[in-house]
Structure formats: C-alpha cells, structure tokens
Amino acid sequence: MTAADPRVLPAPIARTDLPVSTEAMARWLIGKSLVHAHLDGTAAGRIVETEAYVPGDSSSHAFRGPTPRNRSMFLEHGHAYVYFIYGSWFALNVSAEPPGTGAGVLIRAVEPTVGIPLMQQRRGTDRLLDLARGPGRLASALAIDRSLDGMDLCQGAPLWLGEPLRPAGPIGESVRIGLSRETDRVLRFFEQGSPFVSGPKRLNALPAARSR
DNA sequence: AGTGCGATTGACT
DNA sequence: GTCAATCGCACTA
C-alpha cells in the first residue's frame with residue numbers, strides 16, 4: 001500500500017470540529033491536510049501558512065457585501081471560496097463564520113504529501129519547495145479552480161480538509177502579504193521554520209514574526 | 001460603457 | 001533584489 005492509496009488518505013474532518021471564528025480557523029488549519037481527489041489523480045498537502053480575512057476587514061473581498069464572485073465567503077464555515085486573480089491564478093479560502101457573515105481564511109501554502117509526481121506535472125517543476133508555496137502555486141498543484149467554488153470541505157471528495165498527518169509545530173504570526181489596506185493587522189499564521197512557507201524572510205524570521 | 005486595479009507569479013538584473 | 005503581464009471584477013457615470 002502506497003501513500004497515494006485512497007484508503008490511507010487523511011479522513012475528512014466533521015464541521016462540528018471546526019472553529020467558528022476566522023482567526024481561530026486560520027490558526028487551527030495549520031498542520032491540517034488539504035486533499036483533492038480529481039479525475040487526473042489525487043493530490044494532498046499539509047497546510048503550513050494561512051491568512052485570516054475577518055468580518056469588517058476592509059481588505060477582505062467580502063467587505064462590500066455579497067456579489068456573484070464572493071458569495072461563498074458568506075456560506076457556513078467550512079466551505080470553499082475560490083477566486084481568480086491577476087488574470088492567471090486561482091486562490092482557495094475556507095469560509096469561517098456562521099451563514100450570512102462574510103469572512104474567510106486564505107490558504108497560502110501547503111507541504112506536498114500525496115501525489116507529488118502529479119503536482120510536479122501540473123506545476124512544470126520538480127522542485128519540491130516550489131510546488132505549493134504561495135496561493136496561486138498551491139491552487140495549480142492541487143488543480144483548484146472556480147468549479148470548486150462553494151463546495152463543502154467537510155463532505156469528503158472531491159475537496160476536503162483532513163486530519164493532520166503530523167501535528168503542527170510552533171505557530172508563527174505576522175502581518176499579511178500583498179495588501180494596501182489594513183497593513184498592520186497580524187492575521188497571517190504559519191508553521192515556524194517550515195521551508196514550504198511563502199513570504200519574505202523578514203516576515204518569517206524571529207523576532208519580526210512572533211511565535212506562540 | 002469605460003476604467004483602474006488586484007489576497008501573484010515567473011522572468012530577469 | 002526588481003518588475004511587467006494579464007483579465008475579471010467592482011466602481012463610476
């Protein structure tokens with residue numbers, strides 16, 4: 001039995017086990033598995049970096065209320081919000097509040113665990129560290145696109161949150177990346193010391209990044 | 001109907 | 001380290 005055998009894929013996590021708070025969700029997701037069973041094959045990773053886009057946050061896509069693009073952010077916690085950005089890339093969020101409240105957690109990086117050859121093929125590189133470091137790369141490696149927008153991540157296939165393969169280490173925190181508003185809020189979380197995390201060194205190295 | 005810009009990446013110096 | 005590509009979306013009119 002190999003690691004890619006569906007029988008040993010991380011089991012889906014029930015919604016009742018998810019936090020119902022965006023910041024708590026962003027911290028909680030570190031170390032959890034993200035699995036996509038696709039026609040091409042199954043790929044999965046271990047979440048190592050997230051950002052919280054909390055209610056009332058002017059940098060959040062949900063800030064101005066629901067639209068056709070962002071409506072998934074208003075779904076019950078544990079649903080996928082997938083958006084298209086910069087003309088080329090998709091990015092995955094997990095909705096994180098009760099129904100009707102717009103918020104989400106951006107998954108910024110995963111450590112590849114299952115289906116590595118498939119991810120290498122999708123990404124056009126063999127370098128393990130470049131496979132899923134960054135939201136656009138991660139989406140590409142796991143074949144995540146708008147067809148998955150609004151999906152329930154607690155139901156198993158095709159896309160789900162799974163139990164950790166290995167517990168998360170200490171969690172680092174910093175300001176979020178690439179924003180022009182709310183630039184001082186510490187809402188980015190990552191596994192301290194993981195080489196699979198994105199972002200500039202100054203945000204990932206202590207003491208700029210505080211750990212807890 | 002027109003416009004400005006972005007929760008980024010890959011190429012390049 | 002710097003920088004331009006690229007197009008869907010939301011905002012203005």
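Chain naming here is simple, since letters A, B, ... match the order of the sequence lines and numbering starts at 1 in each.
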Q: For A:L18 and A:C154, run side chain to side chain contact (heavy atoms under 4.5 Å, CB included): C-alpha distance rounded to whole Å, both residues' side-chain angles, the deciding distance at 0.1 Å, then the answer.
A: CA-CA 9 Å; A:L18 306 188; A:C154 303; 3.6 Å; yes

Q: Answer yes or no: are there more than 12 heavy-atom neighbours, outside A:R71 itself, under 6.0 Å from its atom CZ?
A: no

Q: May I ask you to check whether over 12 heavy atoms, not counting those of A:Q121, lie within 6.0 Å of atom CD?
A: no

Q | Set of side chain to side chain contact (heavy atoms under 4.5 Å, CB included) partners for A:E23, sequence neighbours left out | A | A:R27, A:L187, A:F189

Q: Just call it for A:R188: base, sugar-phosphate, or nothing, with non-hydrogen atoms closer than 4.0 Å on any strand.
A: nothing

Would a distance-only check, ignoring hydrogens and angles, find a side-chain to backbone donor-acceptor pair under 3.5 Å from [X] to [Y]?
{"X": "A:H38", "Y": "A:D40", "answer": "yes"}
{"X": "A:N93", "Y": "A:G104", "answer": "no"}
{"X": "A:E111", "Y": "A:R46", "answer": "no"}
{"X": "A:D57", "Y": "A:F63", "answer": "no"}
{"X": "A:R15", "Y": "A:H77", "answer": "yes"}
{"X": "A:S33", "Y": "A:E163", "answer": "yes"}

Q) 5' to 3' on DNA chain B, which nucleotides open and close the contacts with chain A (atom under 4.0 Å from a heavy atom)? A) B:dG6 to B:dG10

Q: Under 4.0 Å from any atom of DNA chain C, heavy atoms only: list the residues of residues 127-143 of chain A that qualify, in numerical order.
A: none

Q.
Using a strict heavy-atom distance below 4.0 Å, which residues from residues 57-87 of chain A are in contact with DNA chain C?
A. A:R64, A:T67, A:R69, A:F84, A:Y86, A:G87

Q. Heavy-atom distance under 4.5 Å between the side chains of A:E49 and A:V197, does that happen here?
A. yes

Q: Evaluate the side-chain proximity of A:Y53 to A:V105: yes if any heavy-atom separation is below 4.5 Å, no if none is.
A: no

Q. Which word best sums up how the rings of A:F84 and A:F90 line up, parallel for under 30°, tilted for 30 to 60°, or perpendicular for over 60°?
A. tilted

Q | Strand DNA chain B in bracket notation, Watson-Crick/G-U under 3.5 Å with | for pairs to another chain | A | ||||||.|||||.

Q: Using only heavy-atom distances, determine whether the side chains of A:R122 and A:S140 contain a donor-acceptor pair under 3.5 Å.
A: no

Shorter than 3.5 Å, N or O on both sides, protein versus nucleotides 2-4 of chain C: list them out with atom names.
none

(Q) With nearest nucleotide decided by heavy atoms, which residue, A:W89 or A:R146, maps closer to the 5′ end of DNA chain C? (A) A:W89

Q. Nearest heavy-atom pair of A:R137 and A:D130: which atoms, and what distance?
A. CD-O, 3.8 Å

